[in-house]
Amino acid sequence: MLNPQQHAAVEYCDGPLLVLAGAGSGKTRVITEKISHLISRRHLAPEKIAAITFTNKAAKEMRERVSKLISDDASKALTVCTFHALGLKFLQIEHDRAQLRRGFSVLDADDSGNMIKELSPKGIKPDVLNGIRNLVGRAKNAGLTPDEAMAAARSPRELEAAQIYDMYQTRLAAFNAVDFDDLIRLPLRILEADDEARAIWQERLRYLLVDEYQDTNDAQYRLLRTLTGTKGRFTCVGDDDQSIYAWRGANPENIDQLGKDFPQLRVIKLEQNYRCAKRILRAANHLIANNPHVHEKKLWSDHAEGPPIRVLECKDNEHEAERVASIAASLHEKYKDKVRWSDFTILYRGNFQARALEKALRLARVPYHLSGALSFLDRAEVKDILCYLRLLTNPTDDAAFLRVVNVPKREIGATTLEKLGTMAQTRNASLLEASRSDAVLKTIAPRSASALASFSRLIDELRSSSIHQSAADLVETVLDRTGYAAQIASTIADPTLRERKLGNLRELADWFRAMGKDGGRTGDLTAQLALLSHADRDDPGNALRMMTLHSAKGLEFRFVFIVGCEDGTLPHEGAIDEGRLDEERRLMYVGITRAKELLTLSFSARSRKYGEVLSNDPSRFLQELPQDDLHWDGKDPDADAEVTRETAATHMARIKAMLAGGV
DNA sequence: CAGAGGAAAATTTTT
DNA sequence: TTTTCCTCTG
């Protein structure tokens, strides 16, 4: 049953709509119900509807939920994907207008980061390099061309970044490749400039629903605006309190921009929380009240009060991990029939924090699933094979060429490649083309030249056989014909490791099989896979989930642990230094509001960084919580059982004194 | 050109 | 402490 506000949000389809939806207020429900409503009551064809999310995980979940409301055929025709995936789809159809050739490559963040590094002065300091990457990304997200970025540069550093941006785009064009930002920027440029394309796409997508709207950046917002035209056939759902991506260019002010660009905008607030126990919600509201607010909203819940929020005070990370693991295990034991492992989650600020937890969970025999950390798509062997596929479908992809030319070892080293690179550049040819040319090969040492020649022959042979093969079969062929499989067999002594690598490659083939069910070119599938590079393994099963606070957004769990509640970790020290505490606070808010029943916060007095021991203060956010709802558990492990409540204020003072004195 | 061994850096969050 | 990168040797 929908509440009146949700109902109104679903029914209102005549103009632009903004839904300000607090945490746990049923916003995904509104979107899925609305899709169903548009199809069955408004008779809109499902292929003309697109629901846009920010993560693949959210897209997957939304598709699952909506498929229960509509027919299979309708579900298939519907577009449910991320902004980036929509951009990719656009470019694959409109590659001519984007001046890309079919089979263009999508570089992941690693590839593009490395390319910018190569274009920067060598010996550059890592933080300066990161600054450049940031500035380049910002220019792209603002929808600026390299020329515009150079004109807009206000400092020597910005000018340098703009020049690197220019070289970077030139190189991408030469490689027939795009990066993540281009997946938004290029479609936007085409739609804004090309009336015909705009008309086609506005007709093609008649209604847009955007989830997590507060995370849109400027380019994404313009894309939305351009796609929906002046009529504004869209529903945006967002929550300014859950804006946690400003660091990568998200602009939460897009929420206000909507009202300026669409004066007819209707705004509906969802304020009833269906997820959290009263106490948990009170803590969240209390915390977030410390942030400035443009849109006041008062979230309420009619759930039970719930138990106090536990705060675990620990000696060090290991101790913290052990306690969290043992509390989880005893809860699971205590409520055996009523609780599943998948009801638990442990959240943290940075992926590195998972390490200590993993160890403790293994020891406690708790089944867990790590989401987000080095997925199999990030593994070297999988990336190698993907680069082979990229090179096969896009012979000008020099980045892929460089990655695989000497894998497995073919005696093609740095000197040879440098020479090849210069030759290719003067002839305006790709590296693969250059290594096919006799004139080029003549200038290279005979041994290396013949190695290069046989490599290019190998690629050409593989390409001709690739035409008749599915992507999954092609993976097998590549493994076999390139000698990659043989290399794994001969060079890796450890049988477990060898099996893991081969298993990863088999899984890659499986992915292609699953993705290619409805057809699709190998090149297109490879590009799609680049977008999945993180965290989207299928069903983790009945296991405790561990993830960063960022990737927890949109999810809910009965039992939530947030570890590392220390100043310097959460809030992160960089954020403290730069005075960006609001976003850190929202991150904590997101974490707290994931919990339905039980919330446990923990911090440790000491932690090891690079082997060095540091002492921490408890997170300042702990003091911003309603102290009456907290239950402090001291360092003594026995205290984990049942502890007398101490007033939080005295306890906090004692901890501070102890930290100041000790260590 | 490849592998070994030692020095230096690494930890914020993601499409 | 662990991982990555660089240099040196065969």
Side-chain angles (χ1 to χ4, degrees), chain A residues 52-59 81-88 106-113 117 122-123 125-127 130 134 137 140-141 178-185 212 215-217 219-220 243-250 317-318 347-356 359 371-375 377-378 380 406-417 445 447-448 451 491 527-536 547-553 564 568-578 580 583-584 586-588 590-591 607-614:
Chain A
I52 310 296
T53 62
F54 274 80
T55 63
N56 297 302
K57 203 192 286 171
C81 64
T82 62
F83 261 111
H84 290 85
L86 180 69
L88 176 62
V106 178
L107 301 190
D108 66 20
D110 260 13
D111 295 327
S112 69
K117 187 179 178 186
K122 54 186 181 227
K125 291 253 170 16
D127 53 328
N130 256 334
N134 254 324
K140 298 189 86 162
N141 283 330
V178 298
D179 67 8
F180 284 162
D181 295 333
D182 286 334
L183 294 175
I184 310 297
R185 193 181 129 260
E212 306 286 8
D215 290 333
T216 50
N217 63 30
Q220 286 163 337
S243 154
I244 53 176
Y245 285 107
W247 55 273
R248 67 160 198 213
N317 306 96
E318 282 84 26
L347 308 177
Y348 35 77
R349 181 66 232 261
N351 279 308
F352 70 98
Q353 293 173 278
R355 199 169 285 187
K359 202 170 138 194
S371 83
L374 214 55
S375 93
L377 284 164
D378 297 320
N406 202 28
V407 180
K409 300 274 181 290
R410 298 191 179 90
E411 308 202 295
I412 299 169
T415 18
T416 309
L417 290 174
R447 239 178 81 166
S448 314
T491 57
Q528 280 171 38
L529 214 51
L531 294 184
L532 289 178
S533 58
H534 270 283
D536 302 298
M547 66 189 91
T548 62
L549 287 157
H550 282 88
S551 46
K553 191 162 65 161
T569 305
L570 177 64
H572 189 265
E573 61 181 327
I576 298 175
D577 293 344
E578 290 159 44
R580 299 181 346 253
E583 182 148 313
E584 298 291 306
R586 290 193 290 267
L587 202 50
M588 179 92 178
V590 166
S607 60
R608 267 208 296 275
K609 254 178 194 170
Y610 319 136
E612 251 182 318
V613 179
L614 295 173

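In the text below, chain A, chain B and the rest are named by the order of the sequence lines, each starting its count at 1.
For F54(A) and G574(A), each mapped to the nucleotide of DNA chain B holding its nearest heavy atom, the one lying further toward the 5' end belongs to G574(A). Looking at which nucleotide of DNA chain B each of A85(A) and E578(A) is closest to, the 5′-most match is held by E578(A).
The side chain of S551(A) contributes no N or O atom lying less than 4.0 Å from OP1 or OP2 of dT13(B). For dT13(B), one of the phosphate oxygens OP1 or OP2 lies less than 4.0 angstrom from a side-chain nitrogen or oxygen of N351(A).
Spacing between dT4(C) and dT13(B) at atom P, rounded to whole Å, works out to 15 Å. Taking atom P on both nucleotides, dT11(B) is separated from dC6(C) by 15 Å, rounded to a whole Å.
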Fill in the blank from the handout: Taking Watson-Crick and G-U wobble contacts under 3.5 angstrom, with | marking pairs to another strand and [ ] crossing pairs, the secondary structure of DNA chain B is written ||||||||||.....
Please tabulate the protein-to-nucleotide N/O contacts below 3.5 Å involving nucleotides 1-4 of chain B, giving atom names and distances.
| residue | atom | partner | partner atom | Å |
| --- | --- | --- | --- | --- |
| dC1(B) | OP1 | G413(A) | N | 2.8 |
| dC1(B) | OP1 | T416(A) | OG1 | 2.9 |
| dC1(B) | OP2 | T415(A) | OG1 | 2.7 |
| dA2(B) | OP1 | E411(A) | N | 3.3 |
| dA2(B) | OP2 | N406(A) | ND2 | 3.3 |

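Put simply, the side chain of H572(A) does not reach to within 4.5 Å of the side chain of E583(A), judged on heavy atoms. R608(A) places none of its side-chain heavy atoms less than 4.5 Å from the side chain of L614(A).
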Exercise for the section: Kindly indicate, with the supporting measurements, whether the criterion side-chain contact (heavy atoms from CB on, under 4.5 Å) is fulfilled by L529(A) and V106(A). Expected result: CA-CA 9 Å; L529(A) 214 51; V106(A) 178; over 6 Å; no
Exercise for the section: Test I244(A) against V590(A) for side-chain contact (heavy atoms from CB on, under 4.5 Å), laying out the working first. Expected result: CA-CA 9 Å; I244(A) 53 176; V590(A) 166; 4.3 Å; yes
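Separating the CG atom of N130(A) from the P atom of dT11(B) is a distance of 10 Å, rounded to the nearest angstrom. In this structure, CG of L549(A) is placed 15 Å from C1' of dT11(B), rounded to the nearest angstrom. In this structure, the NE2 atom of H572(A) is 13 Å from the P atom of dA10(B), given to the nearest Å. If you take CD of E573(A) and P of dT13(B), they are 13 Å apart, rounded to a whole angstrom. Between F352(A) atom CZ and dT11(B) atom C1' there is a gap of 5 Å when expressed in whole angstrom units. Here dT14(B) presents its C1' atom at 10 Å from CD1 of I244(A), a figure rounded to the nearest Å. Remark: P of dA10(B) and CD of Q353(A) are 18 Å apart, rounded to the nearest angstrom. Per the geometry, CG belonging to D181(A) stands 11 Å off C1' belonging to dT14(B), to the nearest Å.
K140(A) and D179(A) make their closest contact through NZ-OD2, 2.7 Å (heavy atoms, listed as atom of the first residue, atom of the second, distance). Minimum heavy-atom separation, D215(A) to Q220(A): O-OE1, 3.8 Å.
Between the side chain of D108(A) and the backbone N or O of D111(A) there is at least one donor-acceptor pair closer than 3.5 Å.
Separating the CG atom in L347(A) from the CG atom in L549(A) is a distance of 5.5 Å, to the nearest 0.5 Å. Note that CD of Q353(A) and CG of N317(A) are 8.0 Å apart. Values are rounded to the nearest 0.5 Å.
Evaluation of the ring pair (Phe, Tyr, Trp, His ring centres under 6.0 Å) rule for F83(A) yields F54(A) as partners, not counting sequence neighbours. Residues satisfying the side chain to side chain contact (heavy atoms under 4.5 Å, CB included) criterion with T82(A), sequence neighbours excluded, are T53(A), N56(A), H84(A), A85(A). For Y348(A), there are no ring pair (Phe, Tyr, Trp, His ring centres under 6.0 Å) partners two or more places apart in sequence or in a different chain.
Residue contacts shown for A575(A) are absent, as no nucleic acid heavy atom lies under 4.0 Å away. Nucleic acid contact class of R580(A) (heavy atoms, under 4.0 Å, all strands): base. F83(A) comes within 4.0 angstrom of nothing in the nucleic acid, heavy atoms only.
For DNA chain C, the contact window with chain A, defined by any atom under 4.0 Å from a protein heavy atom, covers dT1(C) to dT2(C) in 5' to 3' order.
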